[in-house]
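In what follows, residues are counted from 1 in the order of the sequence shown. For the numbers below, each heavy atom of this structure counts, side chains included, while hydrogens, waters and symmetry mates do not.
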Amino acid sequence: MRQQYFGPEGELFRQQEALLRPIQERVLEAIETVARDEGYDYVLDKAAAPMLLYAPPEHDLSDRVLAELNVNLESQN
C-alpha cells in the first residue's frame, strides 16, 4: 500500500506532477520569452546542478553530432 501511494509511480507522485507541470511550463515559457526578447543565447539554472533552460534552436548541434557518428534516425523508426 505504501508503494501505491508514495512509491515512484504512486498517487502522490502523480498528483505532484499534475499540479506542478502547468506551473513549470509557464515558467519555462516566460524564460524563453525573456531570453529571446533580451537577446540571450543561453539561460542556466544554477539553483542545484547547472541545467540549461533555454538555447536558441540554431545552436542545437544534435543533428551534426549524429551525422558525425553516422547515425540515421529516419532508418531507426
Side-chain angles (χ1 to χ4, degrees):
M1 185 169 242
R2 184 182 313 174
Q3 287 296 323
Q4 179 182 355
Y5 291 105
F6 303 109
E9 303 286 328
E11 185 65 26
L12 178 62
F13 177 80
R14 287 194 301 269
Q15 285 293 329
Q16 283 178 324
E17 186 171 291
L19 293 171
L20 291 176
R21 182 161 307 252
I23 296 167
Q24 291 170 331
E25 288 173 358
R26 286 187 62 204
V27 169
L28 289 174
E29 287 173 12
I31 290 169
E32 187 173 332
T33 299
V34 169
R36 269 199 244 114
D37 290 351
E38 299 291 326
Y40 288 96
D41 285 329
Y42 300 99
V43 175
L44 303 172
D45 178 3
K46 65 177 190 168
M51 180 184 354
L52 184 64
L53 296 175
Y54 172 79
E58 61 266 18
H59 293 302
D60 185 353
L61 300 176
S62 300
D63 291 338
R64 289 170 50 194
V65 171
L66 291 172
E68 180 69 24
L69 294 169
N70 294 316
V71 174
N72 184 350
L73 293 178
E74 292 178 14
S75 66
Q76 294 181 3
N77 290 332

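V27 is connected to M51 through a chain of hydrophobic side-chain contacts under 4.5 Å among Ile, Leu, Val, Met, Phe, Trp and Tyr, so both are in one cluster.
Contact record, Y40 with Y54: O-CE2, 3.8 Å, taken as the closest heavy-atom pair. When all heavy atoms of A35 and V43 are compared, the closest pair comes out as CB-CG2, 3.8 Å. The two residues L12 and F6 have their closest heavy-atom pair at CD2-CD2, 3.8 Å.
Using modelled atom types, no side-chain atom of R2 and backbone atom of G7 make a donor-acceptor pair closer than 3.5 Å.
How far CD of E11 is from CD of Q16: 11.0 Å, rounded to the nearest 0.5 Å. Rounded to the nearest 0.5 angstrom, E9 CD and Q3 CD are separated by 10.0 Å. In this structure, L28 CG and I23 CD1 are separated by 12.0 Å, a value rounded to the nearest 0.5 Å.
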Evaluate the salt bridge (charged side-chain N to carboxylate O under 4.0 Å, His left out) criterion for residues R36 and E32: first the C-alpha distance (whole Å), next the side-chain angles of each, then the deciding distance (0.1 Å), finally the verdict. CA-CA 6 Å; R36 269 199 244 114; E32 187 173 332; 2.2 Å; yes
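In this structure, the side chains of L52 and L44 come closer than 4.5 Å at one or more pairs of heavy atoms.
Within 6.0 Å of CG on D37 lie more than 12 heavy atoms contributed by other residues, nucleotides or ligands.
Between E17 and R14, no side-chain nitrogen of the basic residue sits less than 4.0 Å from a carboxylate oxygen of the acidic one, so the salt-bridge criterion is not met.
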